[in-house]
A.B. asks: 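What follows is a structure written as structure tokens; I'll ask about it next.
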Amino acid sequence: MAFDPEELVILTDHGTMKLRSAVSRAMTMPPKERKRATIVREGDPAILSFEQIKSLAAQWHERLVPID
């Protein structure tokens with residue numbers, strides 16, 4: 001499933017931001033807080049759990065790494 005990194009979402013307890021920012025912020029939270037992180041969006045699925053957030057972070061990180 002493809003997600004738009006520019007989509008506006010809500011990171012619980014942190015407010016509204018773009019999906020890319022929400023994923024990045026969730027990945028930098030302290031471990032206890034990170035495990036409870038959820039992203040709420042208007043699309044399907046409406047709620048992204050930390051496992052889904054972690055998966056997105058890994059996918060997007062691979063695309064950002066230069067191939068020299």
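The figures here come from the full heavy-atom set of this structure, side chains too, leaving out hydrogens, waters and symmetry mates.
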A.B. asks: With a 4.5 Å limit on heavy-atom distance, are the side chains of Leu19 and Leu48 in contact?
C.D. replies: yes
A.B. asks: Without placing hydrogens or testing angles, list every side-chain donor-acceptor pair under 3.5 Å for residues 3-10, not counting sequence neighbours.
C.D. replies:
{"from": "Asp4", "atom 1": "OD1", "to": "Glu6", "atom 2": "N", "distance (Å)": "2.9"}
{"from": "Glu6", "atom 1": "OE1", "to": "Lys18", "atom 2": "NZ", "distance (Å)": "2.9"}
{"from": "Glu7", "atom 1": "OE1", "to": "Arg41", "atom 2": "NE", "distance (Å)": "3.2"}
{"from": "Glu7", "atom 1": "OE1", "to": "Arg41", "atom 2": "NH2", "distance (Å)": "3.1"}
{"from": "Glu7", "atom 1": "OE2", "to": "Arg41", "atom 2": "NE", "distance (Å)": "3.2"}

A.B. asks: One pair to check against side chain to side chain contact (heavy atoms under 4.5 Å, CB included): Ile39 and Ile47. What are the steps and the verdict?
C.D. replies: CA-CA 6 Å; Ile39 293 175; Ile47 297 177; over 6 Å; no
A.B. asks: Could you report the tightest heavy-atom contact between Ile53 and Ala26, atom names first, then the distance?
C.D. replies: CG2-CB, 3.8 Å
A.B. asks: Could you check Phe50 against Arg36 for side chain to side chain contact (heavy atoms under 4.5 Å, CB included), going step by step and ending with a plain yes or no?
C.D. replies: CA-CA 7 Å; Phe50 181 67; Arg36 293 186 312 244; over 6 Å; no
A.B. asks: So do the side chains of His14 and Met29 get within less than 4.5 Å of each other, counting heavy atoms only?
C.D. replies: yes
A.B. asks: Is the backbone N or O of Ser49 less than 3.5 Å from a side-chain atom of Gln52, with the two atoms forming a donor-acceptor pair by type?
C.D. replies: yes
A.B. asks: Please give me the minimum heavy-atom distance between Arg20 and Trp60, naming the atom from each residue.
C.D. replies: CA-CZ3, 3.6 Å
A.B. asks: If you round to the nearest 0.5 Å, how far is CZ of Arg25 from CZ of Arg34?
C.D. replies: 14.5 Å
A.B. asks: Please report the closest heavy-atom contact between Met27 and Ala57, naming both atoms and the distance.
C.D. replies: CG-CB, 3.7 Å
